[in-house]
Visitor: 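My questions will all concern the structure given below.
On a predicted model such as this, the values are computed, not experimentally measured, just so you know. Atoms considered below: every heavy atom in the structure, side chains included; atoms not considered: hydrogens, waters and symmetry mates.
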Amino acid sequence: MPDALSLPIIDSHVHCRTISSVSGLMKILEATNLRAMNVASRALHHSMNAVSLLAKSQFPGKIYYYASLDYSRPQAMSGEADFAGHITKMLDMGADGVKMFEGKPSVRKEIGLPLDSPAYDDFYEILQSRSTPILFHVGDPEEFWNDDAIPDMARKSGWDYTDGTFPSKESLYREMDGILAKFPKLRIVFAHFYFLSADLARAARFLDEWPTVRLDLTPGTELYGNLRRNLRSAREFFIRYQDRILFGTDNTGATPEAIENNKKKV
């Protein structure tokens, strides 16, 4: 059996907010012997499209790039923007796929559009027709809705969903089901294991129902703990769906050097 570090591993889920972070990502890539990284932009972080595309152009074959939609104009929030036209331009400019951050509860609340809104139909139709991969964040760790269990990190980050003004986890799943019902051939990778690591039976049913979707292993605060509590079932799940689980880390390239450089620019 080959050594793990000799395998051609691609990190399918990293982010790059600043130009100085690009070098940090490359240091991680070289230190871990990764073959490549997929740098995903995120909705409401408008500069990430440009930075991520720059990273790909600087390191072709080492960096791939997933574009995000632009909500910087008021008509986007009201669902009147040309989402399909925007993403077509991004793909033609060199994007390899699309990152949807719209399913994170805080972002979904800020944007206000349901994930299965008709405003997105032409956008999803373009992605389905072109077989464009989508990295989709839908939900969050279940404890973020539980006032007795939410970690301090989540509160400080603005991910406290306990006041009733944020969409519930189940409502986000229903919206996602609405998308897949209309566009069943979308090639979607659900980030963070679709936040179903505490319910592997449900995760299995979901994968069985939608054969073009995948899960990634980018950890939330809950992933490893949930899997550890049910090791036998987790092992069986990973063996059964080994071709539909992607490796990801959520790394940002924010090395101590990059962080220090950013501080100097402020």
Visitor: Enter the distance from Tyr64:OH to Ser52:OG here, rounded to the nearest 0.5 Å.
Guide: 15.5 Å

Visitor: I'd like to know if the side chain of Ser233 reaches the main chain of Asn230, judged simply by a donor and an acceptor atom lying under 3.5 Å from each other, with no hydrogens or angles considered.
Guide: no

Visitor: What distance do Asp122 atom CG and Asp82 atom CG have between them, rounded to the nearest 0.5 Å?
Guide: 8.0 Å

Visitor: Does Glu125 pair with Lys182 as a salt bridge, N-O distance under 4.0 Å?
Guide: no

Visitor: So, does Thr212 use its side chain to make a donor-acceptor pair with the main chain of Leu186 at under 3.5 Å?
Guide: yes

Visitor: Start with the C-alpha distance between Asp92 and Arg130, add both sets of side-chain angles, then the distance that settles salt bridge (Lys or Arg N to Asp or Glu O under 4.0 Å), and finish with yes or no.
Guide: CA-CA 12 Å; Asp92 290 345; Arg130 295 176 62 150; 3.5 Å; yes

Visitor: Hey, does Ser106 have a side-chain heavy atom less than 4.5 Å from the side chain of Trp159?
Guide: yes

Visitor: Using side-chain heavy atoms (C-beta onward) and a distance below 4.5 Å, is Asn33 in contact with Ile9?
Guide: no

Visitor: Is a donor on one side and an acceptor on the other found under 3.5 Å between the side chain of Asp216 and the backbone of Thr218?
Guide: yes

Visitor: Given side chains that start at C-beta, do those of Tyr66 and Pro133 come closer than 4.5 Å, heavy atoms only?
Guide: yes

Visitor: Using only atom types and a distance under 3.5 Å, with no angle test, would you say the side chain of Arg187 pairs donor to acceptor with the backbone of Ser131?
Guide: yes

Visitor: Using side chain to side chain contact (heavy atoms under 4.5 Å, CB included), reason through Leu54 and Val22 one step at a time and then give a plain yes or no.
Guide: CA-CA 9 Å; Leu54 175 64; Val22 177; 5.7 Å; no

Visitor: Take atom CZ in Arg244; do more than 12 heavy atoms of anything else shown fall under 6.0 Å from it?
Guide: yes

Visitor: Could you check whether Phe193 and Phe237 have their ring centres less than 6.0 Å apart?
Guide: yes

Visitor: Can you name the closest pair of heavy atoms from Ala76 and Phe83 and give their distance?
Guide: O-CZ, 3.6 Å

Visitor: If every non-hydrogen atom of Ser68 is compared with every non-hydrogen atom of Ala43, which pair is closest and at what distance?
Guide: CB-N, 3.7 Å

Visitor: For residues Gly61 and Ala36, report the shortest heavy-atom separation together with the two atoms involved.
Guide: O-CB, 3.8 Å

Visitor: Give, for atom CG of Leu53 and atom CD1 of Ile63, the distance between the pair rounded to the nearest 0.5 Å.
Guide: 12.0 Å

Visitor: Between Arg108 and Glu175, is there a side-chain heavy-atom distance shorter than 4.5 Å?
Guide: yes

Visitor: Do Leu115 and Ile126 sit in the same hydrophobic cluster, where Ile, Leu, Val, Met, Phe, Trp and Tyr count as joined when their side-chain heavy atoms come under 4.5 Å apart?
Guide: yes

Visitor: Would you say CZ of Arg235 has more than 12 non-hydrogen atoms from neighbouring residues, nucleotides or ligands within 6.0 angstrom?
Guide: no

Visitor: So, Tyr241 and Asp208: side-chain donor and acceptor under 3.5 Å apart, yes or no?
Guide: yes

Visitor: Check this for me: does any side-chain nitrogen of one of Asp96 and Lys56 sit under 4.0 Å from a carboxylate oxygen of the other?
Guide: yes

Visitor: Indicate whether any N or O donor in one side chain lies under 3.5 Å from an N or O acceptor in the other, for Asn49 and Tyr65.
Guide: yes

Visitor: Say whether Asn38 and Ser12, considering side chains only, have a donor N or O and an acceptor N or O under 3.5 Å apart.
Guide: no

Visitor: Would you check if Ile188 and Leu180 make a side-chain contact, meaning some heavy-atom pair closer than 4.5 Å?
Guide: yes

Visitor: With the 4.5 Å side-chain cut-off for hydrophobic clustering, are Trp210 and Leu172 part of the same group?
Guide: yes

Visitor: Within the 3.5 Å criterion, strictly below it, is a donor on Glu110 or Tyr71 matched to an acceptor on the partner's side chain?
Guide: no

Visitor: What distance separates Tyr124 OH from Asp121 CG, expressed to the nearest 0.5 Å?
Guide: 8.5 Å

Visitor: So does Ile28 get a backbone contact from the side chain of Thr32, meaning a donor-acceptor N/O pair under 3.5 Å?
Guide: yes

Visitor: Side chains of Met90 and Leu69, heavy atoms from C-beta outward: is any pair under 4.5 Å?
Guide: no

Visitor: Aromatic contact between Tyr194 and Phe136, with the criterion being ring centroids under 6.0 Å apart: yes or no?
Guide: no

Visitor: What are the two closest heavy atoms between His137 and Gly139, and how far apart are they?
Guide: NE2-O, 2.9 Å

Visitor: Grouping I, L, V, M, F, W and Y whenever their side-chain heavy atoms are under 4.5 Å apart, do Trp145 and Leu196 come out in a common cluster?
Guide: no

Visitor: Quick one: do Arg228 and Glu222 make a salt bridge, cutoff under 4.0 Å?
Guide: no

Visitor: Can you name the nearest heavy-atom pair linking Ala191 to His13, along with the distance?
Guide: CB-CE1, 3.6 Å

Visitor: In this structure, is the centre-to-centre distance between the rings of His192 and Phe195 below 6.0 Å?
Guide: yes

Visitor: Applying side chain to side chain contact (heavy atoms under 4.5 Å, CB included), run through Leu29 and Lys62 and close with a yes or a no.
Guide: CA-CA 9 Å; Leu29 185 146; Lys62 294 290 186 182; 4.1 Å; yes

Visitor: For the residue pair His15 and Lys99, establish whether any side-chain heavy-atom pair is separated by less than 4.5 Å.
Guide: yes

Visitor: Strictly distance-based, threshold 3.5 Å: is any side-chain N or O of Arg73 a donor or acceptor partner for the main-chain N or O of Ala81?
Guide: no

Visitor: Write down the atom of Met37, the atom of Leu25, and the distance for their closest heavy-atom approach.
Guide: CE-O, 3.5 Å

Visitor: Just wondering, do Lys109 and Pro167 contact through their side chains at under 4.5 Å, heavy atoms?
Guide: yes

Visitor: To the nearest 0.5 Å, what is the distance between CD1 on Ile150 and CD on Glu142?
Guide: 12.0 Å

Visitor: Is Ser117 reaching over with its side chain to a backbone N or O of Tyr120, donor-acceptor style, under 3.5 angstrom?
Guide: no

Visitor: Should Asp70 and Lys89 count as an ion pair when the cut-off is N to O under 4.0 Å?
Guide: no

Visitor: For the pair His86 (side chain) and Thr88 (backbone), establish whether a donor and an acceptor sit closer than 3.5 Å, ignoring hydrogens and angles.
Guide: no

Visitor: For Ile134 and Val189: C-alpha separation, side-chain torsions, deciding distance, then whether side chain to side chain contact (heavy atoms under 4.5 Å, CB included) applies.
Guide: CA-CA 6 Å; Ile134 308 166; Val189 177; over 6 Å; no

Visitor: Any side-chain to backbone donor/acceptor pair from Ser157 onto Ala154? Under 3.5 Å, distance only.
Guide: no

Visitor: Mind checking whether Val98 and Leu113 sit in one hydrophobic cluster, side chains of I, L, V, M, F, W, Y counted as touching below 4.5 Å?
Guide: yes

Visitor: Do you reckon Val107 sits in the same ILVMFWY cluster as Ile87, going by side-chain contacts under 4.5 Å, direct or chained?
Guide: yes

Visitor: Drop me the distance from Leu217's CG to Ser197's OG, to the nearest 0.5 angstrom.
Guide: 10.0 Å

Visitor: Decide side chain to side chain contact (heavy atoms under 4.5 Å, CB included) for Leu215 and Leu207; before the verdict, give the C-alpha distance in whole Å, the side-chain angles of both, and the deciding distance to 0.1 Å.
Guide: CA-CA 9 Å; Leu215 307 176; Leu207 291 178; 4.1 Å; yes

Visitor: So does Ile239 get a backbone contact from the side chain of Gln242, meaning a donor-acceptor N/O pair under 3.5 Å?
Guide: yes

Visitor: Checking Thr221 against Glu143: is there a side-chain donor and acceptor pair closer than 3.5 Å?
Guide: yes

